[in-house]
Amino acid sequence: MALPGARAQGWAAAARAAQRRRRMEGAGGSPSPDPAGPRAALYVHWPYCEKRCSYCNFNKYIPRGVEEAAMQKCLVTEAQTLLRLSGVQRVESVFFGGGTPSLASPHTVAAVLEAVAQTAHLPADSEVTLEANPTSAPVSRLAEFGAAGVNRLSIGLQSLDDTELRLLGRTHSASDALRTLAEARCLFPGRVSVDLMLGLPAQQVGPWLGQLQELLHHCDDHLSLYQLSLERGTALFAQVQQGALPAPDPELAAEMYQRGRAVLREAGFRQYEVSNFARNGALSTHNWTYWQCGQYLGIGPGAHGRFMPQGAGGHTREARIQTLEPDNWMKEVMQFGHGTRKRVPLGGLELLEEVLALGLRTDVGITHQHWEQFEPQLTLWDVFGANKEVQELLERGLLQLDHRQLPPEEKPSLLWSKVLRQLDESGKPCPF
């Protein structure tokens, strides 16, 4: 069995080979990536699942069969195309999401990483995360993903109650989840994240807190708490609408969240984002790129991205969405090199709204230095110092604005949405 600690780092070997080839090509060849040049994170979407969970409305498909060789080739092609188009020279992190990417072959993961390393600089210690479901990730397969270059796992545990797992349409049991978690921690110590859901129909605070306490005996250093969102078109939404299940109680969900935060804080976890908790410095560097409004490339069916297409002579950051349906996406990639279905240029105001909305989700808030990267002409004091709504929030202790930053005073909390809503409802949130 190949263990991650002993792997040859396929992408590192590919990067060295690419560098040797460029040197041999001399001045007429492609220039080597500049590690100090434009940087971004890379998201890779694997759209296939074994079944659709009752709460899920993500872009996923239940295929009769997957032509993985064709999918692998298209993921590699699109990654190379978008890296060149974006002008990105350094990839800070890679995240394989879905769908259920642990159903993909480790060879597909390795091929994508090697393609990235040949096109840009991918440091050997870059965070490479794979989402995994317990029933699709036996220990031998997890080890193979480690050998392919994965060094962090995000496990969709969701619940430690078998009745709740059946309600959610999950294919694993609580014992399956804990077994996979234990195996993952042996292979990727300190780099295993788990998801726990709250606010399910008929769920009560006490039993849910019991699950959280039990999970703390088994989990690693990263945990995400996600409140159930009833999405139109899902089986769970229909069951609630038809009266077959009670509607989730938002007051109970809020209590679960607040008491869960206290439990995790007591266990040494830092709440560095509304839903995400880490200890021993085990933050998700990939997700942190999102919350800091960094550039990220999205490849695969339905993937989202935010980057400036410098390779095409662009000067404006764009929001991009790839074609949703896998077969259509593959046809476009084979024809054009990528399957971008929608491109939306982001104006200055739209970008600053993202900086504000995402920054207030974190415990850091928005520092003056970070704000200046996006708006060098107007400081946080210029924008918010005389704002009536902000003054009210400051007086109520919901915000603080000092010489360092603009964070939520309660770091972070449910109040962030109230802050954004109050700024939005003012009609003139700030003088951009």
Side-chain angles (χ1 to χ4, degrees), residues 10-11 13-15 17-18 40-53 56-86 88 91 94-120 122 128-133 135-138 140-142 144-150 171 296-305 307 309 311 320-343:
W11 84 68
L42 182 75
Y43 173 79
V44 184
H45 190 74
W46 180 262
Y48 304 115
C49 283
E50 292 177 309
K51 63 170 293 189
R52 181 173 290 277
C53 297
C56 181
N57 73 335
F58 292 162
N59 185 46
K60 58 175 57 176
Y61 302 84
I62 318 300
R64 294 181 179 177
V66 176
E67 296 181 6
E68 182 150 0
M71 173 61 72
Q72 178 188 125
K73 181 178 180 181
C74 287
L75 289 172
V76 165
T77 297
E78 185 165 72
Q80 293 171 327
T81 300
L82 293 187
L83 281 168
R84 294 184 182 115
L85 180 64
S86 66
V88 165
V91 174
V94 183
F95 194 105
F96 291 87
T100 309
S102 50
L103 291 174
S105 165
H107 295 295
T108 293
V109 170
V112 172
L113 292 174
E114 289 169 13
V116 172
Q118 289 176 335
T119 312
L122 180 63
V128 179
T129 303
L130 179 90
E131 289 184 339
N133 283 346
T135 51
S136 64
S140 59
R141 193 169 182 82
L142 291 180
E144 290 174 358
F145 281 120
V150 171
T171 59
Y296 58 96
L297 312 181
I299 72 168
H304 289 234
F307 66 88
R320 289 187 169 224
I321 303 177
Q322 307 310 98
T323 293
L324 296 175
E325 204 278 325
D327 288 344
N328 291 335
W329 170 80
M330 284 192 278
K331 290 176 183 176
E332 293 176 16
V333 172
M334 288 186 286
Q335 184 175 359
F336 305 111
H338 64 94
T340 303
R341 176 56 56 92
K342 187 176 183 180
R343 297 170 54 186

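Just the heavy atoms: all of them, side chains too, but no hydrogens, waters or symmetry mates, feed the values below. Each residue takes its place number in the sequence, starting with 1.
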Tell me the ring-ring contact (aromatic ring centres under 6.0 Å, His included) pairs involving residues 94-120, sequence neighbours left out? Phe95-His286

Check Gln80 against Ala115 and note the closest heavy-atom contact, atom names and distance. NE2-CB, 3.9 Å

Listed partners of Ala70 passing side chain to side chain contact (heavy atoms under 4.5 Å, CB included), at least two apart: Glu67, Met330

Mind checking what makes side chain to side chain contact (heavy atoms under 4.5 Å, CB included) contact with Ile321, not counting sequence neighbours? His304, Lys342

Could you give the distance from SG (Cys74) to CD (Gln72), rounded to the nearest 0.5 Å? 10.5 Å

Using only atom types and a distance under 3.5 Å, with no angle test, would you say the side chain of Thr323 pairs donor to acceptor with the backbone of Asn328? no

Just wondering, do Thr108 and Leu75 contact through their side chains at under 4.5 Å, heavy atoms? yes

Can you check whether Leu42 reaches Val88 side chain to side chain, under 4.5 Å on heavy atoms? no

Show your reasoning for whether side-chain contact (heavy atoms from CB on, under 4.5 Å) applies to Asn133 and Thr171. CA-CA 9 Å; Asn133 283 346; Thr171 59; 5.6 Å; no

Any idea which heavy atoms bring Val333 and Gly339 closest together, and the distance? CG2-N, 3.6 Å

Can you name the closest pair of heavy atoms from Phe307 and Tyr296 and give their distance? CD2-O, 4.0 Å

May I have all residue pairs that pass salt bridge (Lys or Arg N to Asp or Glu O under 4.0 Å) and include part of residues 68-82, sequence neighbours excluded? none

Return the NZ to SG distance between Lys51 and Cys56, rounded to the nearest 0.5 Å. 11.5 Å

Do you know which two heavy atoms are closest between Gly300 and Trp329, and how far apart they sit? CA-CZ2, 3.6 Å

Counting distance only, does the side-chain N/O of Arg320 pair as donor-acceptor with the main-chain N or O of Thr340 below 3.5 Å? no

Can you give me the closest heavy-atom contact between Leu122 and Leu113, atom names plus distance? CD2-O, 4.0 Å

Does Pro101 reach the side chain of Val44, with side-chain heavy atoms less than 4.5 Å apart? no

Could I get the full list of side chain to side chain contact (heavy atoms under 4.5 Å, CB included) partners for Ala303, not counting sequence neighbours? Tyr43, His45, Gln322

Please report the C-alpha distance between Val66 and Leu103 in whole Å, then the side-chain angles of each, then the deciding distance to 0.1 Å, and finally whether the side-chain contact (heavy atoms from CB on, under 4.5 Å) criterion is met. CA-CA 10 Å; Val66 176; Leu103 291 174; over 6 Å; no

Do Val91 and Leu83 have side chains that approach each other closer than 4.5 Å (heavy atoms only, starting at C-beta)? yes

Before giving the answer on side-chain contact (heavy atoms from CB on, under 4.5 Å), spell out for Trp46 and Glu131 the whole-Å C-alpha distance, their side-chain angles and the decisive distance to 0.1 Å. CA-CA 10 Å; Trp46 180 262; Glu131 289 184 339; over 6 Å; no

Side chain of Arg84, backbone of Thr119: donor and acceptor closer than 3.5 Å? no

Point-to-point distance, once rounded to the nearest 0.5 Å, from CZ of Phe145 to OG of Ser105: 7.0 Å

Checking Tyr61 now: which residues fulfil side chain to side chain contact (heavy atoms under 4.5 Å, CB included) with it, not counting sequence neighbours? Pro47, Tyr48, Asn59, Leu324, Glu325, Pro326

Return the minimal non-hydrogen interatomic distance between Thr81 and Gly337, and the atom names on each side. OG1-O, 2.8 Å

